[in-house]
2 protein chains.
Amino acid sequence: MHFEEVVKQIKERRETLQVTQETLAQLSGVGLRTLKQFESGKGNPTLQTLQKIADVLGLEVSLKLKNPPVKR
Amino acid sequence: MHFEEVVKQIKERRETLQVTQETLAQLSGVGLRTLKQFESGKGNPTLQTLQKIADVLGLEVSLKLKNPPVKR
DNA sequence: ACTTAAAGTGCATCATAATACACTTTTATT
DNA sequence: AATAAAAGTGTATTATGATGCACTTTAAGT
């Protein structure tokens with residue numbers, strides 16, 4: 001996932017859950033400004049910040065293999 | 001994945017590929033000090049830094065649903 | 001045990017993430 | 001179109017991530 005995709009997924013998830021940025025900020029403990037900046041594509045969150053946000057949305061950061069070998 | 005798990009997975013992947021921190025630093029464009037700090041559990045990398053490192057190791061950052069519903 | 005490469009640490013600097021506050025813009029809703 | 005709520009932006013401050021350099025510690029190999 002590229003950066004923009006991460007942003008997009010978070011934003012979509014938040015909207016699916018019908019949570020406002022303000023509520024998400026409160027629930028995650030991340031500053032509202034930080035969240036706004038992140039969702040609007042600016043900023044470059046730290047792993048901890050991303051995890052805090054993801055957690056509240058029921059998501060988790062993970063590392064997956066790129067180009068997993070095709071099954072035969 | 002918790003923070004420590006992310007660190008562990010990166011470190012293990014690097015070792016599997018038999019790449020030194022120095023080489024990984026060069027290939028990823030991340031400073032050696034930054035990489036050392038990250039792998040030794042200190043530090044809190046930005047998403048960009050994590051992505052740079054993961055990329056070179058053939059990994060990618062992704063967001064997955066927690067507690068996916070059990071299949072019935 | 002010696003040697004050497006790799007990994008880890010202390011310290012200092014620069015860049016920037018995190019944050020708050022105030023304000024503007026956008027998007028719904030009536 | 002008026003209103004209200006949510007989202008986005010400018011500016012400033014504080015905290016800390018990214019980095020290099022020099023040094024120490026650890027691990028591997030002979």
Side-chain angles (χ1 to χ4, degrees), chain A residues 1-70, chain B residues 1-70:
Chain A
M1 280 180 102
H2 295 291
F3 185 83
E4 309 78 48
E5 295 175 85
V6 173
V7 173
K8 195 177 162 210
Q9 194 174 334
I10 290 283
K11 190 165 185 170
E12 283 177 2
R13 177 72 177 162
R14 180 178 63 74
E15 285 165 353
T16 297
L17 298 177
Q18 302 200 61
V19 176
T20 63
Q21 290 180 340
E22 192 155 355
T23 301
L24 178 52
Q26 293 173 334
L27 294 177
S28 64
V30 168
L32 179 57
R33 192 68 224 276
T34 302
L35 183 58
K36 283 176 179 300
Q37 224 146 25
F38 171 59
E39 278 199 16
S40 64
K42 282 123 195 174
N44 173 26
T46 60
L47 179 53
Q48 280 188 8
T49 294
L50 180 59
Q51 286 180 324
K52 281 187 200 167
I53 295 169
D55 263 18
V56 171
L57 296 174
L59 299 173
E60 68 171 344
V61 176
S62 73
L63 288 169
K64 50 193 290 193
L65 277 173
K66 286 190 293 189
N67 305 320
V70 182
Chain B
M1 281 180 101
H2 296 290
F3 185 84
E4 309 78 49
E5 294 175 85
V6 173
V7 172
K8 195 177 162 211
Q9 195 173 335
I10 290 283
K11 190 164 184 171
E12 282 177 2
R13 177 71 175 163
R14 180 178 62 74
E15 284 165 353
T16 297
L17 298 177
Q18 302 199 61
V19 176
T20 64
Q21 290 179 339
E22 191 154 356
T23 302
L24 178 52
Q26 292 173 336
L27 295 178
S28 64
V30 169
L32 179 57
R33 193 68 225 276
T34 302
L35 184 59
K36 282 175 180 300
Q37 225 144 24
F38 171 59
E39 278 199 16
S40 64
K42 283 122 194 175
N44 173 26
T46 59
L47 180 53
Q48 279 188 8
T49 294
L50 181 58
Q51 286 180 324
K52 280 187 200 167
I53 295 169
D55 263 17
V56 171
L57 296 174
L59 298 173
E60 67 171 345
V61 176
S62 73
L63 288 169
K64 50 193 290 193
L65 277 172
K66 286 191 293 189
N67 305 320
V70 182

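Every chain is numbered from 1 and lettered A, B, ... according to where its sequence line falls, protein lines coming before strand lines. Note that the structure is predicted; figures quoted are calculated from it, not measured.
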Does the side chain of [Y] come within less than 4.5 Å of [X]'s, by heavy atoms?
| X | Y | result |
| --- | --- | --- |
| A:R13 | B:L63 | no |
| A:D55 | B:K66 | yes |
| A:I10 | A:F38 | yes |

Spacing of [X] atom [atom1] relative to [N] atom [atom2], expressed in whole Å:
| X | N | atom1 | atom2 | answer |
| --- | --- | --- | --- | --- |
| A:L50 | C:dA18 | CG | C1' | 14 Å |
| A:Q51 | C:dA17 | CD | C1' | 16 Å |
| A:K42 | C:dA18 | NZ | P | 16 Å |
| A:F38 | C:dA18 | CZ | P | 10 Å |
| B:Q26 | C:dA6 | CD | C1' | 13 Å |
| B:Q18 | C:dA6 | CD | C1' | 13 Å |
| B:K36 | C:dA7 | NZ | C1' | 5 Å |
| A:I53 | C:dA17 | CD1 | P | 14 Å |

**Request:** Apply side-chain contact (heavy atoms from CB on, under 4.5 Å) to B:L47 and A:L47, showing your working.
**Result:** CA-CA 6 Å; B:L47 180 53; A:L47 179 53; over 6 Å; no
**Neighbour count above 12 (heavy atom, 6.0 Å) for B:E5 CD** =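 Atom CD in B:E5 is packed in, count exceeds 12.
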**Request:** Just call it for A:T34: base, sugar-phosphate, or nothing, with non-hydrogen atoms closer than 4.0 Å on any strand.
**Result:**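 Result for A:T34 = base.
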**Request:** For A:K11, answer base if it contacts any base atom (sugar-phosphate contacts may also be present), sugar-phosphate if it contacts only those atoms, and nothing otherwise; contact means non-hydrogen atoms under 4.0 Å.
**Result:**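 The answer is sugar-phosphate, as A:K11 gets under 4.0 Å only of primed atoms, P, OP1 or OP2.
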**Asked** Got a second to check how far B:Q21's CD is from B:L32's CG, nearest 0.5 Å?
**Response**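 Rounded to the nearest 0.5 Å, the CD-CG separation comes out at 6.5 Å.
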**Asked** Out of curiosity, A:T16 OG1 to A:Q18 CD, how far, rounded to the nearest 0.5 Å?
**Response**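 If I round to the nearest 0.5 Å, the distance is 8.5 Å.
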**Item:** Nearest-nucleotide comparison on DNA chain D, the residue closer to the 5′ end among B:L32 and B:G43
**Value:**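 Result of the comparison: B:G43.
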**Request:** Classify the side chain of B:R33 and the base of C:dG10 as holding, or not holding, a donor-acceptor pair under 3.5 Å.
**Result:**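 Yes, a donor-acceptor pair under 3.5 Å.
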**Asked** Earliest and latest nucleotide of DNA chain D, 5' to 3', sitting under 4.0 Å from a non-hydrogen atom of chain A?
**Response**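 Contact boundaries, 5' end first: D:dA6 to D:dG17.
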**Asked** C:dG8 phosphate, OP1 or OP2: any side-chain N/O from B:Q21 under 4.0 angstrom?
**Response**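 B:Q21 to C:dG8 OP1/OP2: side-chain N or O found under 4.0 Å.
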**Request:** For B:Q48 and for B:S40, locate the closest nucleotide of DNA chain C by heavy-atom distance; then report the residue assigned to the nucleotide nearer the 5' terminus.
**Result:**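 With B:Q48 and B:S40 compared, the 5'-side residue is B:S40.
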**Request:** Specify the residue among B:V19 and A:N44 whose closest nucleotide of DNA chain C lies further upstream toward the 5′ end.
**Result:**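 First, find each residue's nearest nucleotide; the 5'-ward one identifies B:V19.
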